[in-house]
**Student:** 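First, the structure itself, so that you have it in front of you.
First listed ligand is number 1; within each ligand, the first listed atom is number 1. A quick note: this is a predicted structure, and the numbers were derived from the prediction, not measured. These values consider heavy atoms only, across backbone and side chains, with no hydrogens, waters or symmetry-generated copies.
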Amino acid sequence: MTDNVRVRIAPSPTGPIHIGNVRTALFNWLYARHNKGKFILRFEDTDQARSKSEFEDIIMKELRWLGMQWDEGPDTDGSYGPYRQTEKLEIYQKHAEQLLEEKKAYLCYCSPEEIEKERSDSAKKGEAFRYSGKCRNLNEEEKKDKIGSGIKPSVRFKVPSGKDIVIDDLVRGKVEFSSDMLGDFVIIRPDGMPIYNYAVVIDDYDMKITHVIRAEEHISNTPRQVLLYEALGFEIPRFAHASMVLGPDRTKLSKRHGAAFVGQYREDGYLPEALVNFLALLGWSPEGEEEIMPVDELVQKFTLDRIAKNPGIFDIQKLNWMNGHYIRKSSDERILDLALPHLKKAGYLDEEFYTDNREWLMQVIAVVKDNLEYVGQIKEHAKLFFQEKVEMEDKKAEDVLKEETVPLVLRTLHKKIEGASDSIRQDEVKGLLKEVNKELKLGGKKVFMPIRVALTGQTHGPELYQVIPLLGKEKVQQRLLEALK
Ligand code: GLU
């Protein structure tokens, strides 16, 4: 265990939280819990045009749904706040003034057009853009001119030249950069808003963050941040850059690969514990082959040294398999609750039907649950219990009923069921089916497949002895007669 661990995630509330960021949040949360440390949520909301409080609410809701409760954040009392960047502008300003005073930063009067010109000139030469440093050494007279012209300056950090920056990354090992690759960079914009690389350093310092665990895409930002830590005289936290989460085609995970946001998974009927288990294994693995790991076990096993350097590949098949496992382990009651909106949406039932038939619905769930990968699939799997008329699922099903022996099979069963008790039970059905099979001597397949298709329209599905009692005597007889037509 590492002492006094304080980790954080710092999403921008400019949209719902992306699944890749949820994975990063989970790594932080697991690390905090494993070390009995603190997990902190704060918002990088300096993009005022795009930041919305609704998105903050969504992000908090998703994290809570997944069980990643934070110890400090914008909605809790915490001693190291504020936990929103727009509430800290004075603090960023204060440190910038210190850097200006110590000549570690300077005011830059370059207009966006001038910077754009420098950028396109470098692009033409095929070089990476670095600010020329034009405003670094303005003399007093030039400064006066600029001030007189009313241009609002930005604050730019003076990058020391010829300096090697070595990051001892807990995942990637030593990563080296030269300060000569970096041009002087803006830390505060003319409108007073801090730039990410600067604000993040102040925030991590203010919040006493011990470990910065984030995605690899930020490693190129890290040397700038390290220079700022040094210039400000702050202790540098440990860094751990986890690999990215990619789609099966090895591009950044997006809508094309399925849902990229947590909310969609919740709506489709994925269970939070399945997502947590699945996401934890995207770029991290404990020793051994076991993949089903409830959250307590993840917490107990989570260490940074087992974060992979290679990207985590988002395999929806694996998520579906895992989710199916957690569905099977859940109570019928829980799955029914989750299935209800899907059943309503499919037009299978309304609130009144639900209230009147809860017991029966629970049995339907018990029968179809084992085949669900996510609860939204209930629409297909439970259809046979709700449809007025059996619809043939495919050509294969249609063909089954065309066989010569089918009328005999269906008629025989119809007759048997006639004599059965009204509340026909599973063991009774088992007996009946056995009798039919024995009498006809056609072989099991020629008997049971047509019955299945006649009753459900499908060539697969739950056991007949489970289906028949749930449909009830009357419906079964109706369906058999309908198929005989
Ligand atoms: N807003 C950044 C992100 O969510 C924060 C990066 C960081 O953790 O430093 O990617």
**Student:** Look at atom 9 (O) of ligand 1 and say which protein heavy atom is nearest, naming residue and atom and giving the distance to 0.1 Å.
**Tutor:** Tyr196 OH, 2.7 Å
**Student:** Quick one: which of Phe39, Trp284, Phe302 gives a ring-ring contact (aromatic ring centres under 6.0 Å, His included) with Phe27?
**Tutor:** Phe302
**Student:** Between Arg64 and Asp75, is there a side-chain N and carboxylate O pair less than 4.0 Å apart?
**Tutor:** yes
**Student:** Is there a nitrogen or oxygen of Ala10 sitting under 3.5 Å from a nitrogen or oxygen of ligand 1?
**Tutor:** yes
**Student:** Any idea which atoms of ligand 1 are less than 4.0 Å away from a heavy-atom of Val200?
**Tutor:** 9 (O)
**Student:** Do the non-hydrogen side-chain atoms of Glu287 and Arg306 ever get within less than 4.5 Å of each other?
**Tutor:** yes
**Student:** Answer side chain, backbone, both or neither: which part of His218 comes under 4.0 Å from ligand 1, heavy atoms only.
**Tutor:** side chain
**Student:** Short question: side chain of Asn28, backbone of Ile213 - any donor-acceptor pair under 3.5 Å?
**Tutor:** yes
**Student:** Suppose I only count heavy atoms of Arg214 and a 4.0 Å limit; which atoms of ligand 1 are within that range?
**Tutor:** 7 (C), 8 (O), 9 (O)
**Student:** Does ligand 1 have any atom sitting under 4.0 Å from a heavy atom of Arg8?
**Tutor:** yes
**Student:** I want to know if ligand 1 touches Glu44 in the polar sense, i.e. an N/O pair below 3.5 angstrom.
**Tutor:** yes
**Student:** Would you check if Arg8 and Asp203 make a side-chain contact, meaning some heavy-atom pair closer than 4.5 Å?
**Tutor:** no
**Student:** Looking only at the aromatic ring of each residue, does the gap between the centers of Phe278 and His325 stay below 6.0 angstrom?
**Tutor:** no
